[in-house]
Protein chains: 2
Amino acid sequence: MPIEIPDVVIDRLPLYYRLLSRLDSEGRSVVSSQELGEELGVTPAQIRKDLSYFGRFGKQGRGYSVPRLLDELKAILGLDGRWKVVVIGIGRLGRAIASYPGFEGQGFDIIALYDASSGLVGTEIEGQRVKDVATLEADLKKTAVDIGIVAVPGEHAQDVVDTLVDAGVHAILNYTPNRVQTPPNVEVRHINPVLFLQSMTYHLKQRRGG
Amino acid sequence: MPIEIPDVVIDRLPLYYRLLSRLDSEGRSVVSSQELGEELGVTPAQIRKDLSYFGRFGKQGRGYSVPRLLDELKAILGLDGRWKVVVIGIGRLGRAIASYPGFEGQGFDIIALYDASSGLVGTEIEGQRVKDVATLEADLKKTAVDIGIVAVPGEHAQDVVDTLVDAGVHAILNYTPNRVQTPPNVEVRHINPVLFLQSMTYHLKQRRGG
DNA sequence: GTGAAATTGCGCACATGCACACAAACGCGC
DNA sequence: GCGCGTTTGTGTGCATGTGCGCAATTTCAC
């Protein structure tokens with residue numbers, strides 16, 4: 001591959017994808033980088049450059065075909081197939097995740113839920129039987145999983161992640177406040193609302209104190 | 001103020017703060033940028049430069065005093081006071097947020113919960129009576145609020161945000177998948193797990209297909 | 001008290017990502 | 001079919017953020 005594609009570009013593609021999905025469902029057939037940019041708060045040049053990493057999808061004087069570009073992004077991001085997801089930790093947060101309506105429609109299949117509490121194991125959540133986390137390792141060996149979502153108490157995060165990584169899971173969404181260590185070939189994203197709030201308070205303070 | 005402090009720096013401070021809290025609770029009194037960097041996966045130089053925007057907190061040959069640096073960061077981020085937070089939308093996600101244990105200990109007080117559903121209004125969640133979202137506007141005029149957390153259905157996100165902004169709330173954490181428009185003097189952070197997953201699948205695909 | 005080891009703060013060079021601007025291409029109207 | 005307005009793709013310059021390297025400072029051992 002000649003040029004490396006920056007991560008920031010990859011992170012913007014889902015935004016474009018999302019907007020194009022909306023435009024497509026509204027029946028729009030063509031859109032310009034100008035309009036995409038206004039909607040997303042990004043400069044049109046940025047959008048054109050991002051897309052140009054992957055091909056020449058637009059037509060001069062016209063813009064981009066909405067369905068065409070949607071399909072291209074779908075293929076680029078790998079959203080033209082389905083991905084197997086497991087959720088570990090079915091507390092309040094895990095349950096909210098398991099019932100989040102946005103996953104299924106976007107190609108993410110939650111194929112199993114795990115928890116350590118004997119009170120939960122065996123119960124039904126969103127039509128899924130909650131399985132014992134002790135069986136996670138064996139299950140992963142039988143059925144390959146693409147993505148693990150971790151919503152256990154922070155102190156168990158690293159253990160669960162290690163189990164996932166050892167079993168060949170290469171993408172992990174970590175909802176616990178603890179950062180976890182992984183080999184470089186594993187993608188981890190941390191979702192920690194407290195960190196967001198803490199950087200926002202800096203700005204709030206600026207406003208107040210000058 | 002002579003130099004503007006980059007946003008990326010501000011976003012890293014909570015990470016440092018978090019690690020220092022842990023070290024402090026473990027009784028560590030001194031730490032080097034080297035060690036901080038190893039723990040966080042950041043270069044030591046980066047950490048020293050980030051901190052140097054705010055002052056000279058370290059001692060050559062020794063490192064940083066953990067309690068001292070913790071206090072400095074606390075003051076810088078505005079975590080030495082308490083912040084008033086409201087949560088709007090008490091579905092599964094909103095309930096998970098309302099009961100998230102990490103907020104209170106970090107200076108964030110959830111002072112009210114709001115929902116639109118008549119089935120929920122008046123019920124108790126985590127010791128809080130759920131209030132009717134219709135009263136939000138009036139309540140905000142009576143009691144100033146610092147941060148709004150929005151977990152309503154996507155199609156109502158903009159309305160709720162507009163209400164918050166009109167009432168002078170300058171920081172918003174948006175858990176809905178919809179992006180919202182705000183004036184430039186309002187800080188908004190979007191938490192959308194699907195966007196994370198979608199950029200991770202790109203990398204998964206790379207691994208597979210080459 | 002002196003030398004050696006450690007570590008900060010910062011100047012500087014480098015890399016990376018962003019916006020601008022323009023040539024090339026396309027469509028539309030007449 | 002021709003010209004005009006529109007919009008893409010990209011070469012180029014610029015800004016911003018990152019890492020290196022070193023002088024200055026501190027600690028520690030002997």
Side-chain angles (χ1 to χ4, degrees), chain A residues 1-16 19-20 23 28-73 76 184 199 202-203, chain B residues 1-16 19-20 23 28-73 76 184 199 202-203:
Chain A
M1 201 165 289
I3 345 160
E4 200 55 40
I5 296 165
D7 275 354
V8 276
V9 173
I10 305 301
D11 289 345
R12 275 192 295 267
L13 296 184
L15 254 54
Y16 304 160
L19 174 53
L20 284 161
L23 293 174
R28 285 289 303 276
S29 61
V30 178
V31 69
S32 67
S33 61
Q34 169 87 40
E35 187 181 346
L36 292 173
E38 278 169 10
E39 199 85 17
L40 294 171
V42 178
T43 63
Q46 175 102 89
I47 292 177
R48 294 202 298 275
K49 181 147 272 188
D50 286 352
L51 296 176
S52 76
Y53 279 106
F54 303 96
R56 309 171 55 140
F57 307 130
K59 270 214 177 69
Q60 282 131 328
R62 227 173 122 62
Y64 298 89
S65 152
V66 172
R68 161 87 193 288
L69 188 51
L70 192 61
D71 270 4
E72 296 284 358
L73 284 173
I76 292 165
S199 61
Y202 170 83
H203 296 286
Chain B
M1 199 164 289
I3 344 158
E4 199 56 37
I5 295 165
D7 275 353
V8 276
V9 173
I10 305 301
D11 289 345
R12 276 193 294 267
L13 296 184
L15 253 55
Y16 305 160
L19 174 53
L20 284 161
L23 292 174
R28 286 288 303 276
S29 61
V30 178
V31 69
S32 67
S33 61
Q34 170 87 39
E35 188 181 346
L36 292 174
E38 278 169 10
E39 199 85 17
L40 294 171
V42 178
T43 64
Q46 174 102 88
I47 291 176
R48 294 202 298 275
K49 180 147 273 187
D50 285 352
L51 295 175
S52 76
Y53 278 105
F54 303 95
R56 309 171 53 140
F57 307 130
K59 269 214 177 69
Q60 282 132 326
R62 221 172 128 63
Y64 298 89
S65 153
V66 172
R68 161 87 193 288
L69 188 50
L70 192 60
D71 270 5
E72 296 284 357
L73 284 174
I76 293 165
S199 62
Y202 171 83
H203 297 285

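Proteins get letters first, then strands, A, B, ... in listed order; numbering begins at 1 in each. Predicted, not measured: the structure shown is a model, and the values here were computed from it.
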*Hey, mind stepping through Leu36(A) and Leu23(A) against side-chain contact (heavy atoms from CB on, under 4.5 Å) and telling me if it holds?*
CA-CA 10 Å; Leu36(A) 292 173; Leu23(A) 293 174; 4.1 Å; yes
_If you apply the rule side-chain contact (heavy atoms from CB on, under 4.5 Å), what do you find for Ile10(B) with Tyr53(B), and how did you get there?_
CA-CA 10 Å; Ile10(B) 305 301; Tyr53(B) 278 105; over 6 Å; no
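Donor-acceptor pairing under 3.5 Å, judged by distance alone, is present between the side chain of Gln60(B) and the base of dT8(C).
Nearest approach of Leu69(A) to Phe57(A), heavy atoms of both residues: CD1-CD1, 3.8 Å. Smallest separation of non-hydrogen atoms from Arg12(A) and Asp50(A): NE-OD2, 2.6 Å.
Nucleotide dG19(D) holds its P atom 14 Å from the CD atom of Gln34(B), rounded to whole Å. We find that NZ of Lys49(B) is positioned 14 Å from P of dT16(D), with the value rounded to whole Å. Asp7(B) has its CG atom 15 Å from the C1' atom of dA15(D), to the nearest Å. With rounding to whole Å, Arg62(B) atom CZ is found 12 Å from dA6(C) atom C1'. When rounded to the nearest whole Å, the span between CD of Gln46(A) and C1' of dT16(D) equals 14 Å. In this structure, Lys59(A) places its NZ atom 13 Å from C1' of dT7(D), rounding to the nearest Å. Remark: P of dG9(C) and CD of Glu72(B) are 11 Å apart, rounded to the nearest angstrom. Ile5(B) has its CD1 atom 11 Å from the P atom of dG17(D), to the nearest Å.
The phosphate of dC26(C) has neither OP1 nor OP2 within less than 4.0 Å of any side-chain N or O from Arg56(A). For the OP1/OP2 pair of dG17(D) and a distance below 4.0 Å, the side-chain nitrogens and oxygens of Arg12(B) include no atom meeting the criterion. Remark: Tyr64(A) is in phosphate contact with dG9(D), judged by side-chain N or O atoms under 4.0 Å from OP1 or OP2. Not one side-chain nitrogen or oxygen of Ser33(B) sits closer than 4.0 Å to the OP1 or OP2 atom of dT7(C).
The residue among Ala45(A) and Gly61(A) whose nearest nucleotide of DNA chain C is located toward the 5' end is Ala45(A).
When heavy atoms are screened at a 4.0 angstrom cut-off, Arg48(B) is found touching base atoms of the nucleic acid.
Checking Glu35(B), Glu72(B), Arg48(B) one by one against Tyr64(B), the side chain to side chain contact (heavy atoms under 4.5 Å, CB included) holds for a single residue, Arg48(B).
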